[in-house]
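Reviewing the structure listed below.
To find a chain, count down the sequence lines: A is the first, B the second, and so on, and within it residues start at 1.
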Amino acid sequence: MTDHERSDADSPILAPLNDAQREAVSAPLKPVLVLAGAGSGKTRVLIHRIAWLIERERVSPHSLLAVTFTNKAATEMRGRLERMLSMDSRALWVGTFHGLAHRLLRIHWREAGLIQTFQIMDGEDQKRFIKRLLKTLGHGDGEWDPKEVRGFINGNKNEGRRPDDLADDHDPTRRQLIQFYREYETACNRVGLVDFAEILLRAYELWKNNPTILAHYRQRFRHILVDEFQDTNTIQYNWIRLLAGRDGLPFVVGDDDQSIYRWRGARIEHLRQFQRDFAGTRVVRLEQNYRSTGNILAAANALIANNTSRMGKNLWTDDRDGDPIRVFGGFNERDEAQFVLGRIAEWVDQGGARSDVAILYRSNAQSRVFEERLIGMGIPYRVYGGLRFFERAEIKDALAYLRLMSNRHDDPSFERVVNLPTRGIGARTVEVLRHYARDNDTSLWVAAGALISDGLSKRAANALHGFLQLIETMARDVRDLDLHEQVDHSIEASQLIRHHEKDRTEKGEARVENLRELVSAARGFDPDTVTDEEGIDPLTAFLAHASLEAGEGQGDAWDDCVQLMTLHSAKGLEFPLVFMSGMEDGLFPHRRSIADVDGLEEERRLCYVGATRAMERLYMTYAEQRRLHGVDTFGQPSRFIGEMPPERLEEIRPHIKVSRPVFRAPSSRSKLEETSHGLRLGQRVMHAKFGEGVILDFGGRSRVQVNFDNVGTKELDLTYARLEML
DNA sequence: AAATCAACGCTTTTT
DNA sequence: GCGTTGATTT
């Protein structure tokens with residue numbers, strides 16, 4: 001080691017890192033691909049690389065672009081950078097793909113072909129809009145599913161394709177979908193709205209079609225850092241590649257084994273393509289895991305080894321083997337939940353924190369049984385997912401008023417609030433407006449203005465006039481106010497508050513509270529986080545923020561509570577104690593993914609992600625019988641359990657041997673009805689304390705009656721009793 | 001205009 | 001089985 005290298009190794013940037021991390025962080029200025037296994041310090045490497053570039057390579061913070069997928073990741077990165085570099089991180093562009101692309105569109109709205117006050121539709125808005133559009137086009141009778149049309153449109157946008165790029169292949173269905181896409185585009189442009197996929201595609205096309213602008217950003221952002229690279233979809237990948245050009249220096253971090261978003265356009269292949277597109281890419285593998293015990297890692301490694309065409313990585317740890325992975329099979333989902341709650345109670349009794357515990361499941365519907373048990377036992381918990389703040393109906397109503405104030409031609413917002421609270425503008429009147437708007441190719445706002453003087457009944461015209469006046473007055477009254485005062489004024493003047501106050505139920509009160517909270521959100525909002533360019537009014541910025549960052553779900557009502565979430569939303573998190581529930585074939589892997597190899601491999605990666613969330617202790621549970629959508633179904637333990645090395649597992653109950661044949665061989669269904677957990681009536685069993693006996697009956701839950709030769713009949717709980725089959 | 005009823009669908013989710 | 005949604009009732 002030379003003196004020079006030694007001084008590098010001692011620097012605060014490199015000192016806390018292991019060899020591989022150090023190699024990545026201090027790599028020469030060339031394209032770098034970091035293959036970072038779960039828990040190997042991926043984010044840390046990204047942060048330290050930025051610090052390295054700024055402090056060692058003397059790169060200006062202004063020439064750095066750091067991209068993440070979620071706002072959470074972006075916020076975290078920003079925070080860690082500020083702490084590490086003790087600088088104002090505003091100099092850096094750190095954000096999500098959508099956030100950064102949006103920022104570009106705000107700056108270059110004209111070149112992007114947008115109006116200055118363009119606003120963003122979330123998936124829900126988009127669905128409504130498409131539904132409305134289908135009706136207008138005379139296809140509103142249910143032959144077309146708005147979700148399907150949306151899927152078609154977004155899928156193509158994610159691949160960078162416009163209607164003109166699509167051929168109908170002489171398929172009438174496809175031809176129709178392309179036509180809908182075309183109409184949808186026109187409609188969006190008319191009302192000044194963009195959907196999420198459009199943000200990315202527009203930003204891409206902005207660069208593609210404007211060489212001067214592209215040249216400017218290429219010159220500015222030579223260093224492009226991307227987190228979770230395996231999750232990039234085609235347009236995101238192309239956006240990065242376009243920006244990097246020939247001289248850019250992308251530094252991307254990802255893990256092909258944790259790619260779980262293929263179904264929403266992510267392409268795992270981008271990891272390989274990166275190496276082809278950027279000649280001389282330095283590939284660094286981070287394989288030392290700092291999170292999990294040896295047993296957990298060994299099981300996860302063995303599982304993921306069943307996938308083909310991996311980039312190759314084997315996690316290892318310095319840590320002890322720790323506990324084996326415990327596998328439990330319940331009679332049904334309530335039995336399963338009872339078992340899980342029992343273990344949690346133990347954990348808490350022994351001084352463990354509730355917030356260190358995560359219950360993971362494949363689909364949201366599975367949370368209910370756990371929630372019921374948790375409530376019953378008085379254990380605080382938090383469920384991830386569900387409606388977020390800015391997605392709530394009453395909040396969207398309020399935002400619709402604000403949007404209309406900002407852009408009168410926003411038809412979806414117009415329709416949303418024109419009669420909310422009710423002001424005598426019925427469906428009939430709105431129908432007339434729509435007709436006029438379509439015939440004259442104008443917005444509903446313009447149609448309303450025109451029809452007030454002629455074409456409507458006196459009553460309808462009056463009511464409509466009142467609404468138009470209201471919006472105009474609100475917009476005028478609010479002009480010189482601070483943002484939060486604007487919001488406050490609009491929820492009052494629109495009568496939304498009064499409307500919900502009339503509802504004296506808990507729901508109504510919650511809505512009023514949420515509306516008040518919206519004012520607080522506006523008060524705390526810093527427009528500079530959206531863009532620091534001149535000429536964007538705070539309201540427009542706030543509305544964009546509301547769409548781009550839907551906010552938290554329930555907030556943190558409880559500090560120390562058990563965490564419930566899907567396997568997908570667990571990605572990136574870690575917990576000392578993890579339960580993977582519903583480990584049954586058909587549920588996980590999900591039956592809709594089982595058929596094709598790609599689908600099954602993605603499920604396996606999901607299982608890998610789940611298992612590697614666990615730091616100390618991991619349980620995998622399943623139910624023999626499960627009520628799904630109201631019907632009882634019988635299942636087999638997940639094939640994924642069978643893919644893990646038996647010596648790393650421990651079956652909680654004695655009756656199922658953890659061996660490949662048992663997990664792989666499907667047993668007949670009729671047999672399952674007479675037996676439970678491999679035990680059958682009349683079966684001779686051995687108990688450590690009570691000696692030999694014979695099974696008399698199966699009780700509810702995991703209870704079983706055994707007539708012991710020496711001590712008589714006992715009822716045992718199979719969760720605790722270790723019965724050995726004889 | 002609110003209340004009630006029938007129909008629907010149901011993997012995963014961020015932006 | 002349950003929650004949402006759209007249509008129909010009162």
Contact class for A:Asn71 (heavy atom, under 4.0 Å): base, sugar-phosphate, or nothing?
sugar-phosphate
Is there a side-chain contact between A:Arg368 and the phosphate of C:dC2, meaning an N or O under 4.0 Å from OP1 or OP2?
yes
Evaluate the side-chain proximity of A:Phe588 to A:Cys607: yes if any heavy-atom separation is below 4.5 Å, no if none is.
yes
Could you tell me whether A:Ser593 contacts a base, only the sugar-phosphate backbone, or nothing, with contacts defined as non-hydrogen atoms closer than 4.0 Å?
base
Judged by modelled atom types alone, do A:Tyr184 and A:Asp195 share a side-chain donor-acceptor pair under 3.5 Å?
yes
Please tabulate, one pair per line, each protein N/O and nucleotide N/O from nucleotides 5-8 of chain C that are separated by under 3.5 Å, including the distance.
residue	atom	partner	partner atom	Å
C:dG6	OP1	A:Lys131	NZ	2.3

Residue pair A:Ile425/A:Phe69 against DNA chain B: nearer the 5' end by closest nucleotide is A:Ile425
For A:Ser547 and A:Arg403, test the side chains for any donor-to-acceptor distance below 3.5 angstrom and give the result as yes or no.
yes
Give the first and the last nucleotide of DNA chain B, reading 5' to 3', that has any atom under 4.0 Å from a heavy atom of chain A.
B:dA1 to B:dT15
Only counting residues at least two apart or in another chain, list the ones meeting side-chain hydrogen bond (donor to acceptor under 3.5 Å, both in side chains) with A:Asp256.
none
Taking side chain as C-beta onward, heavy atoms only, is A:Met121 less than 4.5 Å from A:Cys188?
yes
Could you tell me whether the side chain of A:Leu587 reaches within less than 4.5 Å of the side chain of A:Gln366, counting heavy atoms only?
yes
On the ring face of A:Tyr181, is A:Arg162 found with NZ or CZ under 6.0 Å from the centre and within 45° of the axis?
no
Work out how far the C1' atom of C:dG6 is from that of B:dT11, and round it to whole angstrom.
25 Å
Identify whether any heavy atom of A:Asp231 sits under 4.0 Å from a base atom; if not, whether one sits that close to sugar-phosphate; answer base, sugar-phosphate or nothing.
nothing
Pair A:Tyr384-A:Gln563, side-chain donor/acceptor within less than 3.5 Å:
yes
Most 5' of A:Asn419 and A:Phe97 on DNA chain B, judged by nearest nucleotide:
A:Asn419
